[in-house]
Amino acid sequence: MQDSYNPALVEAQAQKQWQESRAFEVSEDPDREKFYCLSMFPYPSGKLHMGHVRNYTIGDVISRYQRMQGRNVLQPMGWDAFGLPAENAAISNRVPPARWTYENIDYMRQQLQRLGFAYDWSRELATCDPDYYRWEQWFFTRLYKKGLVYKKTAVVNWDPVDQTVLANEQVIDGRGWRSGAIVERREIPQWFLRITDYAEELLAGLDQLEGWPDAVRTMQQNWIGRSEGVEFDFEVPGHDPLRVYTTRPDTLMGVTYCAVAAEHPLALYAAQRNADIAGFLEECRKTGTSEAALETMEKKGLALGIDAIHPVSREPVPVYVANFVLMSYGTGAVMSVPAHDQRDYEFARKYNIAIKGVIKAVSGESPDLATAAFTEHGVCYNSGDFDGLDFDQAFTAIADYLAEHARGERRVNYRLRDWGVSRQRYWGCPIPILHTANGGEFPVDEQDLPVRLPEEVNFDGSGSPLKDMSEFTRFESEEGQVFQRETDTFDTFFESSWYYARYCCVDNEQALLDERANYWLPLDQYIGGIEHAVMHLLYARFFHKLMRDIQDVLVPREAGMAGAADETSLKCDEPFTNLLTQGMVVAETYYRDRDDGQKIWFSPAEVDVKRDEKGRINSATLIADGQPVNVGSIEKMSKSKNNGVDPQALIDQYGADTVRLYIMFAAPPDQSLEWSDSAVEGAYRFLKRLWKLALSARACQTRIDTGVLSAEQKEVRFKIHSTIAKVNDDIGRRYTFNTAIAAVMELVNVLSRMTCESENDQAILHEGLSASVLLLSPIVPHICEAIWQGLGHADPIIDHPWPRADAAALVQDEVELVVQVNGKLRARIQVARDAGKEDIEQMALADENVQRFTRDKQLKKVIVVPGRLVNIVVA
RNA sequence: GCCGGGAUGGCGGAACUGGUAGACGCGCCGGACUCAAAAUCCGGUUCUGGUGACAGAGUGGGGGUUCGAUUCCCCCUCCCGGUACCA
């Protein structure tokens, strides 16, 4: 050990040691318990941001902790390399997306290596590599043959100026982000995966995912949105019947209108005869496609002049076209009950449609419909034969009535919609479909895969360059038949839905998976941002079940290799046993208003902040011109707000260990983390203090004579071993790395205050320091490796067994109890560990300060909580 | 809009199963060392009153349950994530 802590040197030495011993390359070992730990792979956007550092440090800490528990730990890393930002970069930098992406990967890989993460780099993968995406093309053709894929039209955002499809993110206030043109809805044919076939299993499986946060399970459950209802027809004279679905058949007699989507055949029919309606449909074509935009926009509609026939009363009911009804969701039409649905109520008020109450409270009170709908379950009235029935009875009676009259049937419905996987983009995995001249289409043959995406392209941002590349689109079969290739690519969620499985066998060129996947899967720990709670994690669960159910996804490895050679399918039902959702990294923002109303954002590094004596921000000025800037809100670190802190600069200044320590210490992993430069300095200070303390204990006595310990020495050993127990619980069970670090800091504070005179003192200090570095080593592995060796240990710390608390050292003779009077703290007393309740009560009552509050009062009762407190209740 | 989450000193956070509110760290204040500064070390630091012992108040706001509530229940405010083509 050097006299002063030199992170650059210490980290280079440790990393060299790990690399030379190939410490993190692992293979299947049936005799050892495996642990597969994975952090969500990054999109290679350029360089690492703090969110990445946080995500990967959490995964690394868990991996290294599990390794010290003796498990066979797999922690791989790869690149979610297809996506929109590469196309944007291509437009602004005139670089092909492929080159931009590969350069970013090279830079970011080196950053990850500099941070010392314990990855098995031999398993690295990139989703834009044909060796990777060929298997999802192969898989898609299998799904196609199994009928799990189909084509239908779906709505996209169309920029009429740039002549291109826009992502929701690229639509800002209804306009294209580059062109500024009003975006239109356009229906185009797209491929869908039948995720709704798996809705029931995806829902039921959530109950078994006990290692997942409740919030994520609830969100997925609500997203799937199983409901029981009735689907039935309103007859429309001269037209096809109007099919609707409702979960509230009990309110059927309160229907006073129906509403259909703008693309509904009834609306299209009416528009041909009425210019106002045609104009309204045109207006609907200009609304956004996102749910948030649709739900928050002003609800508008127009009567079509068509009546539907109520299925029970046979009364005519007007049909409206409404901008909030979606053709792509459900039947494209809804029944409306203004009295018992708030949205219908507001719509009816706006357009003067009748409001007919048919449900009253169970208490018998009629609903007050003057200001709002009555939406609770209740009892039917105004409903003819159904009067007096409660919700369940009315549901049954009305569903039966509709069934008997052949107008409808009970139906389980899901909010979940089939997964549209087509994207009209270049930088993605080509969808392996061939089109014939006469409009037929079929999947590419297995032996013709992969369909390679051309990487040398001219990319100008208006549509996919593939469309103009005949060398890509033209395909001629061996028989000389000519086909057109599909130019759409897959949704990038397609790639990220199965990468975790591919890591088990990246080198297999014969199959998507082999039996090694059954050794490693399911993941023991998955770590990623809470923003992925529903979509990515639901698609991955779905994909996992597909891989389990499709033939030949998993094949045995070549003959003669170890392992269960007869395995031909994936054995588990769920991919991720435990899930940790990490919070975002946020930071302050600084800006100035420009004349045109836009804001210019300044990086925290460009701003000088003055604080008052309490630390509150007084003023902020731009260093460049000394003029004031506005202090904005605290937001997620992002390019758009220019509030990112570059991890690289901090690594260069303090080393990887300091960055890892700070980011794990600043907040528990599932909360958002507010960046603070000065707190990073504090983490660095702690490591320097630890180093200095370790220097003093390098070559000292290490045998403790437990027979002759003083009270002070016993206390230090109690601290050492209670810290071991706490840190083990914090890292292994609670995942509260911040409190684990705080506990070791407390221990180091105790150790540095020790007066080290006797050999026993030295030995205890050595014991305490060894424990401290073992406990910290998953978090700050480099410095711990160096100190560990400095303390005279011969084995590498990464494989040293995790420490266990010595039960004998945890026994205390006396404990402190708190004494409360009427719940207020009045005294503290020291009592023997095994003191009886009555003795404790006597001691508490005898305390002088306690007596000040109990004197002249009547004693009502005394509550003794062993080991904690005494509460004396007086009146 | 809907679904999910959050709010505790000047700041990040701790208090795990209803039992000491503020661990640990940052910042700040005072001191030591130094010609001086940085670094380092020592002490203090929720607010109010008090030299002090101590007392009162206090966990986004309002109400409730309890001997006792940051923790459980009801209502509200604000902030964050998702909302199916950002990843």
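Proteins come first, then strands; the chains are lettered A, B, ... in the order of their sequence lines, and each starts at number 1.
Taking the centre and axis of the six-membered ring of A/F192, the NZ or CZ atom of A/K152 falls inside the cone set by 45° and 6.0 Å.
B/A15 and B/A23 have their C1' atoms separated by 8 Å, given to the nearest Å. Nucleotides B/G60 and B/A14 have their P atoms positioned 14 Å apart, rounded to a whole Å.
Within the 4.0 Å cut-off from OP1 or OP2 of B/C85, at least one side-chain nitrogen or oxygen of A/R423 is found. Applying the 4.0 Å criterion to OP1 and OP2 of B/C86, one finds that A/N88 has every side-chain N and O outside that range. The phosphate of B/G13 (OP1 or OP2) has a side-chain N or O of A/Q671 nearer than 4.0 angstrom. A close approach under 4.0 Å does occur between a side-chain nitrogen or oxygen of A/T492 and OP1 or OP2 of B/A87. Phosphate proximity of B/G4 to A/N222: present, with a side-chain N or O under 4.0 Å from OP1 or OP2. Side-chain nitrogen and oxygen atoms of A/K692 include none within less than 4.0 Å of the OP1 or OP2 phosphate oxygen of B/U40.
Closest to the A/K861 side chain, of the nucleotides B/C67, B/A23, B/U40, is B/C67. When the nucleotides B/A55, B/C41, B/A84 are ranked by their closest atom to the side chain of A/R826, B/A55 comes out on top. Closest to the side chain of A/M219, out of B/G4, B/A21, B/U40, is B/G4. Taking every side-chain heavy atom of A/T739 into account, B/A14 is the closest of B/A87, B/A14, B/C85. Among B/C86, B/G1, B/A84, the nucleotide with an atom closest to any side-chain atom of A/R415 is B/A84. Taking the side chain of A/E746 as heavy atoms from C-beta on, and the options B/A23, B/A84, B/C54, the nearest nucleotide is B/A23. The side chain of A/N849 sits closest to B/C54 out of B/C54, B/G19, B/G25. Listed nucleotides: B/A84, B/U20, B/G4. Nearest to the side chain of A/L869: B/U20. Distance from the side chain of A/T218 is smallest for B/G4 among the nucleotides B/A84, B/G4, B/G82. Closest contact between the side chain of A/Q190 and the listed nucleotides B/G19, B/A84, B/C85 involves B/C85.
Heavy atoms of A/R685 sit under 4.0 angstrom from primed sugar atoms or phosphate atoms, though from no base atom. Nucleic acid contact for A/T296: base, since at least one base atom lies under 4.0 Å from a heavy atom of the residue. Within 4.0 Å of A/R852, counting heavy atoms only, lie sugar-phosphate atoms of the nucleic acid but no base atom. Backbone-only contact: A/L84 has heavy atoms under 4.0 Å from sugar-phosphate atoms and none from a base. Across all strands shown, A/E681 has no heavy atoms under 4.0 Å from either base or sugar-phosphate atoms. Among the heavy atoms of the strands lying under 4.0 Å from A/V818 is at least one base atom, whether or not backbone atoms are also near. Among the heavy atoms of the strands, none lies under 4.0 Å from A/V534. When heavy atoms are screened at a 4.0 angstrom cut-off, A/H532 is found touching base atoms of the nucleic acid. Using a 4.0 Å heavy-atom criterion, one finds that A/F41 contacts no nucleic acid atom at all. If you check every strand for non-hydrogen atoms under 4.0 Å, A/P668 touches sugar and phosphate atoms only. When heavy atoms are screened at a 4.0 angstrom cut-off, A/N871 is found touching base atoms of the nucleic acid. At a threshold of 4.0 angstrom between heavy atoms, the contacts of A/K860 with the nucleic acid are absent. Residue-level contact check: A/V744 touches neither bases nor backbone, having no heavy atom under 4.0 Å from any strand. In this structure, A/D670 reaches neither bases nor backbone, as no heavy-atom distance under 4.0 Å exists between it and the strands shown.
Base orientation at B/G9 is syn, since its O4'-C1' glycosidic dihedral falls within 90° of 0.
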Requested in this report: Might you work through the side chain to side chain contact (heavy atoms under 4.5 Å, CB included) test for A/L580 and A/Y526, ending with a clear yes or no?
Outcome: CA-CA 6 Å; A/L580 181 63; A/Y526 196 31; over 6 Å; no
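One can place CZ of A/R733 at 10 Å from C1' of B/U17, the figure rounded to the nearest angstrom. What separates CE of A/M584 from P of B/G5 is a distance of 16 Å, to the nearest Å. Counting to the nearest Å, the C1' atom of B/C85 and the CG atom of A/N168 are 6 Å from each other. Atom CG of A/L825 and atom P of B/G58 are 16 Å apart (whole Å). The CG-P distance, from A/N55 to B/A87, rounds to 17 Å in whole Å. With rounding to whole Å, A/N822 atom CG is found 19 Å from B/G19 atom P. Atoms NZ (A/K824) and C1' (B/U20) sit 13 Å apart, rounded to a whole Å. In this entry the distance linking CZ of A/F542 with P of B/A84 reads 19 Å, nearest Å.
Summarising the base pairing, B/U77 is matched to B/A7 through a Watson-Crick or G-U wobble pair whose two defining distances lie under 3.5 Å. When Watson-Crick and G-U wobble pairs are counted only if both distances are under 3.5 Å, B/U83 pairs with B/G1. Both distances falling under 3.5 Å, in either a Watson-Crick or a G-U wobble arrangement, occur for no nucleotide opposite B/A37. Partner assigned to B/A55 is B/U48, using Watson-Crick or G-U wobble distances below 3.5 angstrom. In this entry B/U17 has no Watson-Crick or G-U wobble partner, no candidate having both defining distances under 3.5 Å. Across all strands shown, B/G12 is found opposite B/C24 as a Watson-Crick or G-U wobble partner, with both distances under 3.5 Å.
Using a 4.0 Å cut-off between charged nitrogen and carboxylate oxygen, A/R423 and A/E486 do not count as a salt-bridge pair. Using a 4.0 Å cut-off between a side-chain N of Lys or Arg and a carboxylate O of Asp or Glu, A/K726 and A/D729 do not qualify as a salt bridge.
For A/R415, the CZ atom is densely surrounded, since the number of other residues' heavy atoms within 6.0 Å is greater than 12. More than 12 heavy-atom neighbours from other residues, nucleotides or ligands sit within 6.0 angstrom of NZ on A/K350.
Side chains of A/N168 and A/T289: a donor on one and an acceptor on the other come within 3.5 Å.
In summary, the aromatic rings of A/F324 and A/F347 are positioned with their centroids under 6.0 Å apart.
Counting atom types as modelled, A/R689 pairs no side-chain N or O with a base atom of B/U40 as donor and acceptor under 3.5 Å.
What you find for A/A372 and A/Y345 is that their closest heavy atoms are N-OH, 3.3 Å.
Residues meeting the salt bridge (Lys or Arg N to Asp or Glu O under 4.0 Å) test with A/K860, sequence neighbours left out: none.
Nearer to the 5' terminus of RNA chain B, by closest-nucleotide assignment, is the contact made by A/A679 (compared with the other of A/A679 and A/M535). For the pair A/V165 and A/I741, both in contact range of RNA chain B, the more 5′-proximal nearest nucleotide belongs to A/I741.
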